[in-house]
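A short worksheet on the structure shown next.
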Amino acid sequence: MLFIALGAAIVVVAAGVGIVMAVRGGGAAQASGVDGPCVRQTFPPQGRQHVQELGKSFRYNSFPPSSGPHYPVPAVYNVYDQPVPEIRLVHNLEHGAVEVQYGSKVPQSVVQEIVTWYAKSPLGLIVAPLPTSASELHATPPPDADKKIFLTAWTHVATCTTFDEQAFANFLDDYRGPKGDGPEKFPLSALQPGGT
C-alpha cells in the first residue's frame, strides 16, 4: 500500500513539473555564473530543424539565439563588419562554434580588441555586429543591448559590459568545439576561418 501511495505521489509531482515546463516553453533560462564583466546564462534547447525562413511569430528563447530552427547552410567563420542573419549563425552553433556579437554603441576601440583577440585563435569563431532591426532578431534584446557584447554557444549566452580577454577565453574553453554542447561535434580543425 505504501508503494502505491508513493508511486502516485511521484506521478502527481512529475505531472506538475511537466505542466509548468509546458506553460513556460520548456523551461526558463538559468543563470550559470559571473565571469569578470560577463554574466552567463543557459537556455533550454529549441530544436535544430533546417528552415529557409522563420515564421513571423517565431521567437528564439535567448538573445542572441543559442539554439532552434536555422538556415541549412552555416555562415562562413570570419570577422564581419556587417550583421550576419541570426538564422544562419544558429547553424554554426550547432557545429560547436562560438559567436561574439556586439551592439552598435560598443566603442570601436573595444571592437578592435575583440578582432585582435579573434586572430589569436580563430577556429570555430565568428565576430560580427548585432542586427539593429528587431524583425531580423526574432528574439527580445535586453536593456542596453546596443552597449553590450554577447558570446554565444549552443544553449549558452554570456552578456558582457566590455571585452575581457580572460572571460572570453574561459567561454571558448568551456563551449567551443567538441567539448561544448553543440549537438554536432565537429572537430575544431573543421571550423576554419573562411569555411562553413
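As the structure is a computational prediction, the values presented were derived from the model and not from experiment. Just so it is clear, the values below take in all heavy atoms, side chains as well, and ignore hydrogens, waters and symmetry mates.
Between Pro131 and Glu86, the shortest heavy-atom distance links the atoms CD-OE2, 3.2 Å. Annotation for Leu151 and Phe171: closest pair O-CZ, 3.5 Å, computed over non-hydrogen atoms. Taking every heavy atom of both residues into account, Gly55 and His138 meet most closely at O-CE1, 3.5 Å. Between Thr155 and Ser67, the shortest heavy-atom contact is CG2-CB, 4.2 Å. Phe63 approaches Thr140 most closely through the heavy-atom pair CB-O, 3.5 Å. Of all the heavy atoms in Ser66 and Leu93, the pair that sits closest is CA-CD1, 3.7 Å.
A distance of 11.0 Å separates CH2 in Trp117 from CG in Asp164, rounded to the nearest 0.5 Å. Taking NE2 of His95 as the reference point, atom NE2 of His91 lies at 3.0 Å (rounded to 0.5 Å). Taking CG of Asp146 as the reference point, atom NZ of Lys105 lies at 4.5 Å (rounded to 0.5 Å).
A single hydrophobic cluster is not seen to contain both Phe43 and Ile87; linkage of ILVMFWY side chains at heavy-atom distances under 4.5 Å, directly or through other members, places them apart. In the hydrophobic clustering of this structure, Tyr77 does not group with Leu125; members are Ile, Leu, Val, Met, Phe, Trp, Tyr whose side-chain heavy atoms approach within less than 4.5 Å, directly or through other members. One hydrophobic cluster, built from ILVMFWY side chains closer than 4.5 Å, holds both Val110 and Val98. Both Phe186 and Ile126 are assigned to one and the same hydrophobic cluster, defined by single-linkage of ILVMFWY side chains at heavy-atom distances under 4.5 Å. Taking hydrophobic clusters as Ile, Leu, Val, Met, Phe, Trp and Tyr residues chained together by side-chain heavy-atom distances below 4.5 Å, Tyr118 shares a cluster with Leu172.
Around atom OH of Tyr71, no more than 12 heavy atoms belonging to other residues, nucleotides or ligands sit under 6.0 Å away. More than 12 heavy-atom neighbours from other residues, nucleotides or ligands sit within 6.0 angstrom of NZ on Lys185. Within 6.0 Å of CD on Glu53 lie no more than 12 heavy atoms contributed by other residues, nucleotides or ligands.
Asp35 places no side-chain N or O within 3.5 Å of a backbone atom of Cys38 that could act as its donor or acceptor partner. Here the side chain of Asn78 pairs no donor or acceptor atom with the backbone of Tyr80 at under 3.5 angstrom. Listed for the Asn61 side chain is a donor-acceptor partner under 3.5 Å among the backbone atoms of Pro44. Looking only at distances, no side-chain donor or acceptor of His156 sits under 3.5 Å from a matching main-chain atom of Thr42. Within the 3.5 Å criterion, the main-chain N or O of Trp154 finds no donor-acceptor partner in the side chain of Glu94. With hydrogens and angles ignored, the 3.5 Å screen pairs no side-chain donor or acceptor of His70 with any backbone N or O of Arg88. A donor-acceptor contact shorter than 3.5 Å links the side chain of Asn92 to the backbone of Ala75.
Two residues are said to be in side-chain contact when any heavy atoms from C-beta on lie closer than 4.5 Å; Pro69 and Phe58 meet this criterion. Within the 4.5 Å cutoff, side-chain heavy atoms of Arg48 are placed close to those of Pro183. Using a 4.5 Å heavy-atom cutoff, the side chains of Tyr175 and Asn170 are not in contact. In this structure, Tyr102 and Lys148 have side chains that are not in contact, with every pair of non-hydrogen atoms separated by 4.5 Å or more. Looking only at side-chain heavy atoms (C-beta outward), Pro72 and Gln52 come within less than 4.5 Å of each other. Put simply, the side chain of Val90 reaches to within 4.5 Å of the side chain of Tyr60, judged on heavy atoms. Using a 4.5 Å heavy-atom threshold, the side chains of Arg176 and Ser121 count as touching. Side-chain atoms of Val157 and Pro64, non-hydrogen and from C-beta on, do get closer than 4.5 Å to each other.
Among the candidates Ile114, Leu89, Val127, Ile149, the single residue satisfying the side-chain contact (heavy atoms from CB on, under 4.5 Å) test with Gln101 is Leu89.
Judged by distance alone, the side chains of Arg40 and Thr159 never bring a donor and an acceptor atom under 3.5 Å apart.
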Ring pair (Phe, Tyr, Trp, His ring centres under 6.0 Å) between Phe168 and Phe163, intermediate numbers included: CA-CA 8 Å; Phe168 280 41; Phe163 172 73; 4.8 Å; yes
